[in-house]
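Take a look at the structure set out below.
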Amino acid sequence: MSTPPAPTPPSDFLRELVTRDRAAGKHGGRVVTRFPPEPNGYLHIGHAKAICLNFGIAQEFGGVCNLRMDDTNPTTEDPEYVHAIEEDVRWLGFQWAGRTYYASEYFERIYECAEQLVRKGKAYVCDLSAEEVSRARGTLVTPGTESPFRGRSPAENLDLLRRMRKGEFPEGSRTLRARIDMAHPNMNLRDPVLYRIRFAPHYRTGSEWCIYPMYDYAHPLSDAFEGITHSLCTLEFEHHRPLYDWFLDNLDIGHPQQIEFARLNLAYTLMSKRRLLELVNEGHVTGWDDPRMPTLSAMRRRGYTPRAIRNFCAEVGVAKFNSLHEIALLEHVLRDDLNRVALRFLAVLRPLKVVITNYAADQVEEMTAINNPEDPAAGSRQMPFARELWIERDDFAEVPPKGFHRLSPGTEVRLRAAYIVRCTGVVKDAQGNLVEVHCTYDPESRSGLPGANRKVKATIHWVSARHALDAEVRLYDQLFTHPEPASDAAGGDFRRHLNPRSLEVLRGCKLEPSLASVAPGTPLQFERLGYFCVDSRDSRKEALVFNRTVTLRDTWAKVAAKGG
RNA sequence: UUCGGGAUGGUGUAAUCGGUAGCACAGCAGACUCUGACUCUGCUAGUCUAGGUUCGAGUCCUAGUCCCGAAACCA
């Protein structure tokens, strides 16, 4: 057996940098990363990129990656989100070091560091209101002005800070600020706020604290406390890096390195937790796990596999260029994975009755169908065949368009895993609507028999009418009609670009009987239609509900669209 | 106007010290097919601009152009 070619190691600027650092003996060659979501919303496909990067790099270099809740703002955070985040990361296929970390568990140490900065004269208590601070900060092109409280002595600041902590001052009345440079061209260094007063209970620390650290201050310290070596974050934090470094330079607690990469953007959807929350709250979707949402919980419910998402993240690569990815790539990796694992079934979404006029009314045959041609181990199953069948409405045309090789009067098609039939006529109602199609079958053409070995233009799917299961099937399309619904180019409100046809509910769909006992989440292929799964939330034994994960590639649809 | 980033086919992403611009998706054409799927074959298409250095520039130098981000007691 020849050795398979060595998989080319993923190469990108992050991995190159880590490789260089290790070669240089930085951090003793260790690699420790972290994925630090704020528990104020559900994780989406954009987070998956960060997760794959942080956990992936740690794995590849023999290091670890911590899952850390960045929970320094008690007013927006909730344990519901903590659980959802943990579930999503686990589902994606990553393990973290024994337990979840929380920035909030460092509150005491973070506070001690603040006292240290105060003692060194690097931080001061400021009595300006939020609005005054904002005004004094200056603008992008004009320097700010120094706070009148900037000159307070370390002793006075220390006393004030301790009293802030004790709750002696009203909410919003004072802040602790770093003393850096109010004229700095980087606005993040114009005496940023370290602590604000909030008499809000925290979901983990309760009412123990009434002052809470800001992200810019808490984050580098949390990283340092955990011995993080490479702190990966998205581009918008690039000019926070000098501040990240400033805190660590002024505190002797170690110095992780912050490195920025471009966040993931996907066309025709949104990637902002705030806006996703608005979609949920305003009822444009049924919840965070509405299968049209880009959240991981929604994608899971819709039938995405973790492997497909991981492959997608690997395919998109990582750089510092703000890119917009086409949905086509996501769907490609999805189909690629589903094709390998999905069990095949026959299901008719828009039924049209077919009567096999030369087939005995009381006869039933069991047809054998392969469960997954990509995986012989998946075996086969039986499907009942009878005189009356359902076929797909689209598989019949009374007047076939050019290139159509499905069923039409006088032509033959093969019924998947059954017989070859020829259309002999149609039945219409008083209004001229097509009600049923009449066919004759060729008894010699049963699958497996020699008579089946002749060329027929098309093979179509079918379900025995009297054995069919009824089901609801939900077809999803992109949530927005604009590739960047929230961009300026889209002209304002993303709500204007909601796709009115993002959900199509089909009732009275006809399924082959073995679909009765499929577990939610099991990847299925309805042959010739797409990949589907049982809806984990709404499907019941007596009222089956399926989600369409993604369609099959449909070359004919493209041709037909052009022709007509 | 300030600061920080970034520009390679339609979309993304590679290219060791300066040495044949590669890969994936999409698109097009064909082969195969009991899924118009899968698979396979072929094709189309790219270095922001202008100068410069060099035998040779996506890569180095100079000057521009365009795009993104930044002024929460959010993260």
Side-chain angles (χ1 to χ4, degrees), chain A residues 8 11-12 36-38 40 70-73 75-76 126 128-131 133-135 137-144 171-177 184-190 192-198 211-212 214-216 218-219 233-242 260 262 267 273-274 315-333 335-336 339-340 344 346 369-370 373-374 403-406 413-418 420 445 447-448 452-453 455-461 525-530 551-560:
Chain A
T8 46
S11 172
D12 54 66
E38 185 188 14
N40 66 345
D70 210 345
D71 54 356
T72 57
N73 182 0
T75 61
T76 58
C126 178
L128 257 28
S129 71
E131 196 198 325
V133 168
S134 167
R135 221 178 306 124
R137 182 142 22 231
T139 71
L140 295 177
V141 288
T142 58
E171 189 160 305
S173 63
R174 285 183 158 92
T175 55
L176 182 72
R177 299 175 67 184
H184 200 105
N186 179 343
M187 304 220 22
N188 294 121
L189 300 191
R190 317 243 263 229
V193 171
L194 273 57
Y195 270 101
R196 74 282 213 184
I197 301 172
R198 281 282 171 284
I211 57 172
Y212 292 93
M214 302 289 290
Y215 166 86
D216 278 321
H219 203 87
C233 63
T234 47
L235 252 30
E236 64 269 29
F237 293 102
E238 216 154 11
H239 51 358
H240 291 237
R241 182 166 11 108
E260 308 84 10
K273 279 199 266 184
R274 201 196 80 226
E315 282 300 316
V316 300
V318 55
K320 299 192 74 157
F321 175 71
N322 241 309
S323 52
L324 180 65
H325 292 271
E326 294 177 338
I327 300 177
L329 180 61
L330 214 212
E331 295 192 334
H332 169 261
V333 296
R335 292 186 183 112
D336 184 53
N339 177 49
R340 284 203 302 265
R344 271 62 170 175
L346 300 192
I370 301 296
E374 307 288 325
F404 186 84
H405 39 225
R406 275 107 97 144
V413 293
R414 187 191 302 278
L415 296 176
R416 177 69 154 160
I420 295 171
S445 68
S447 287
N453 296 331
K455 289 263 182 269
V456 179
K457 276 220 198 120
T459 299
I460 66 171
H461 56 280
Q525 185 193 104
F526 291 173
E527 291 206 26
R528 305 209 305 131
L529 296 174
T551 61
L552 247 31
R553 275 191 67 206
D554 190 349
T555 311
W556 168 243
K558 244 187 286 181
V559 174

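Proteins come first, then strands; the chains are lettered A, B, ... in the order of their sequence lines, and each starts at number 1.
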5' precedence on RNA chain B between A:Phe526 and A:Ala328 (nearest-nucleotide basis):
A:Ala328
With respect to the side chain of A:His405, which nucleotide from B:C73, B:A75, B:G36 is positioned closest?
B:G36
B:C74 OP1/OP2 closer than 4.0 Å to side-chain N/O of A:Thr72:
no
When rounded to the nearest Å, what value does the distance between P atoms of B:U59 and B:A50 take?
13 Å
Among the nucleotides B:C73, B:C28, B:U33, whichever has the atom closest to the side chain of A:Thr175 is B:C73
Look at all strands and tell whether A:Ala319 reaches a base, only sugar-phosphate, or nothing, counting heavy atoms closer than 4.0 Å.
sugar-phosphate
Could you tell me whether A:His240 contacts a base, only the sugar-phosphate backbone, or nothing, with contacts defined as non-hydrogen atoms closer than 4.0 Å?
base
Contact letters for nucleotides 1-9 of chain B, in which S counts primed atoms plus P, OP1 and OP2 and B counts the base, heavy atoms under 4.0 Å:
BBSSSS---
Please work out if A:Asp554 contacts a base, only the sugar-phosphate, or nothing of the nucleic acid, heavy-atom cut-off 4.0 Å.
sugar-phosphate
Got a sec, which residues hit side chain to side chain donor-acceptor pair (under 3.5 Å) with A:Glu527, two or more places apart in sequence or on another chain?
A:Arg416
Name the stems that RNA chain B belongs to, where each is three or more consecutive Watson-Crick or G-U pairs with both distances under 3.5 Å?
B:2-7 with B:65-70, B:10-13 with B:22-25, B:27-31 with B:39-43, B:48-52 with B:60-64
Does a nitrogen or oxygen in the side chain of A:Arg177 sit under 4.0 Å from OP1 or OP2 of B:C73?
no
Could you check whether A:Ile211 gets within reach of a base, just the sugar-phosphate, or nothing at all, counting any heavy atom under 4.0 Å?
nothing
Under 4.0 angstrom, heavy atoms only, what part of the nucleic acid is A:Glu331 near: base, sugar-phosphate, or nothing?
nothing
Locate the shortest heavy-atom distance separating A:Ala218 from A:Thr72; write the atom from each residue and the value.
CB-CG2, 3.8 Å
Give a yes or no on whether a salt bridge exists between A:Lys320 and A:Glu238, defined as a side-chain N under 4.0 angstrom from a carboxylate O.
yes
P atom, B:G56 versus B:A29: distance in rounded Å?
43 Å
What integer distance in Å separates A:Asp336:CG from B:A26:C1'?
15 Å
From B:G36, B:A26, B:A75, nucleotide with atom closest to A:Glu38 side chain:
B:A75
How is A:Ser129 classified with respect to the nucleic acid when contacts are heavy atoms under 4.0 Å: base, sugar-phosphate, or nothing?
base
Using the P atom as the point on both nucleotides, what is the distance between B:G58 and B:A15, in whole Å?
15 Å
With a non-hydrogen cut-off below 4.0 angstrom, is A:Lys273 in contact with a base, only sugar-phosphate, or nothing?
nothing
Would A:Ser129 and A:Glu131 satisfy side chain to side chain donor-acceptor pair (under 3.5 Å), going step by step from the backbone distance to the final call?
CA-CA 5 Å; A:Ser129 71; A:Glu131 196 198 325; 5.3 Å; no
Roughly how far apart, to the nearest Å, are B:A71 and B:A75 at atom P?
14 Å
Please examine the side chains of A:Arg196 and A:Asn73, heavy atoms only from C-beta on, and report whether any two atoms are closer than 4.5 Å.
yes
A:Asn188 and A:Pro242, any side-chain heavy atoms less than 4.5 Å apart
no
Should A:Arg137 be listed as having a side-chain N or O under 4.0 Å from OP1 or OP2 of B:C73?
yes
Nucleotide B:C23, atom P - distance to CG of A:Leu329 in whole Å:
17 Å
Respond yes when some side-chain nitrogen or oxygen of A:Lys457 is under 4.0 Å from OP1 or OP2 of B:U33, and no when none is.
no
Donor-acceptor pair between A:His240 and A:Asp216 side chains, under 3.5 angstrom
yes
Toward the 5' end of RNA chain B, by each residue's nearest nucleotide, A:Pro373 or A:Leu330:
A:Leu330
To the nearest angstrom, the NE2-C1' distance between A:His332 and B:G10 comes to 17 Å
P atoms of B:U53 and B:A57, separation to the nearest Å
11 Å
To the nearest 0.5 angstrom, please state how far the OG1 atom of A:Thr551 sits from the CG atom of A:Leu529.
9.5 Å
Name the nucleic acid region contacted by A:Gly530, choosing base, sugar-phosphate or nothing; use a 4.0 angstrom heavy-atom cut-off, strictly under.
nothing
Can you find a donor-acceptor pair, distance only, under 3.5 Å between A:Arg406 side chain and B:G36 base?
yes
B:C73, OP1 or OP2 - any side-chain N/O from A:Arg198 closer than 4.0 Å?
no
B:A37 phosphate, OP1 or OP2: any side-chain N/O from A:Thr555 under 4.0 angstrom?
yes
Mind checking if A:Leu324 touches a base, just sugar-phosphate, or nothing, with heavy atoms under 4.0 Å?
sugar-phosphate
Assign A:Thr139 to base, sugar-phosphate, or nothing according to its heavy-atom contacts below 4.0 angstrom with the strands shown.
base
Closest nucleotide among B:C38, B:A26, B:C73 to the A:Glu374 side chain
B:C38
Any side-chain heavy-atom pair from A:Arg177 and A:Met214 closer than 4.5 angstrom?
no
Starting at CG of A:Asn40 and ending at P of B:A72, how long is that distance when rounded to a whole Å?
19 Å
Looking at A:Arg196, does any N or O in its side chain come under 4.0 Å of the phosphate oxygens OP1/OP2 on B:A75?
yes
Is there a donor-acceptor contact under 3.5 Å from the side chain of A:Arg414 to the main chain of A:Lys455?
no
Looking at A:Glu326 and B:G10, is any side-chain donor or acceptor paired with a base atom of the opposite kind under 3.5 Å?
yes
Closest to the side chain of A:Arg528, out of B:U35, B:A75, B:A37, is B:U35
Do A:Gln525 and B:U35 share a donor-acceptor pair, side chain to base, under 3.5 Å?
yes
Please report the distance separating the C1' of B:G27 from the corresponding atom of B:U11, rounded so that it comes out in whole Å.
12 Å
Can a side chain N or O of A:Arg344 be found less than 4.0 Å away from OP1 or OP2 on B:A37?
no
Judged by whether its glycosidic angle lies within 90° of 0, B:C17 is syn
Taking atom C1' in both B:U47 and B:G18, compute the distance separating them and give it to the nearest angstrom.
15 Å
Describe the nucleic acid contact of A:Arg416 in one word from base, sugar-phosphate, nothing, applying a heavy-atom distance below 4.0 Å.
base
Assign A:Val318 to base, sugar-phosphate, or nothing according to its heavy-atom contacts below 4.0 angstrom with the strands shown.
sugar-phosphate
B:A7 to B:U13 separation - P atoms, rounded to the nearest Å:
9 Å
OH (A:Tyr195) and OG1 (A:Thr175) are apart, to the nearest 0.5 Å, by 13.0 Å
For the side chain of A:Met187, counting heavy atoms from C-beta on, which of B:U13, B:U39, B:A71 is nearest?
B:A71
Candidate nucleotides B:A75, B:C38, B:U33, ranked by approach to the side chain of A:Tyr215 - the nearest
B:A75
Using a heavy-atom cut-off of 4.0 Å across all strands, would you classify A:Phe237 as base, sugar-phosphate, or nothing?
base
Starting from P on B:C73, measure out to CD on A:Glu131 and report it in whole angstrom.
11 Å
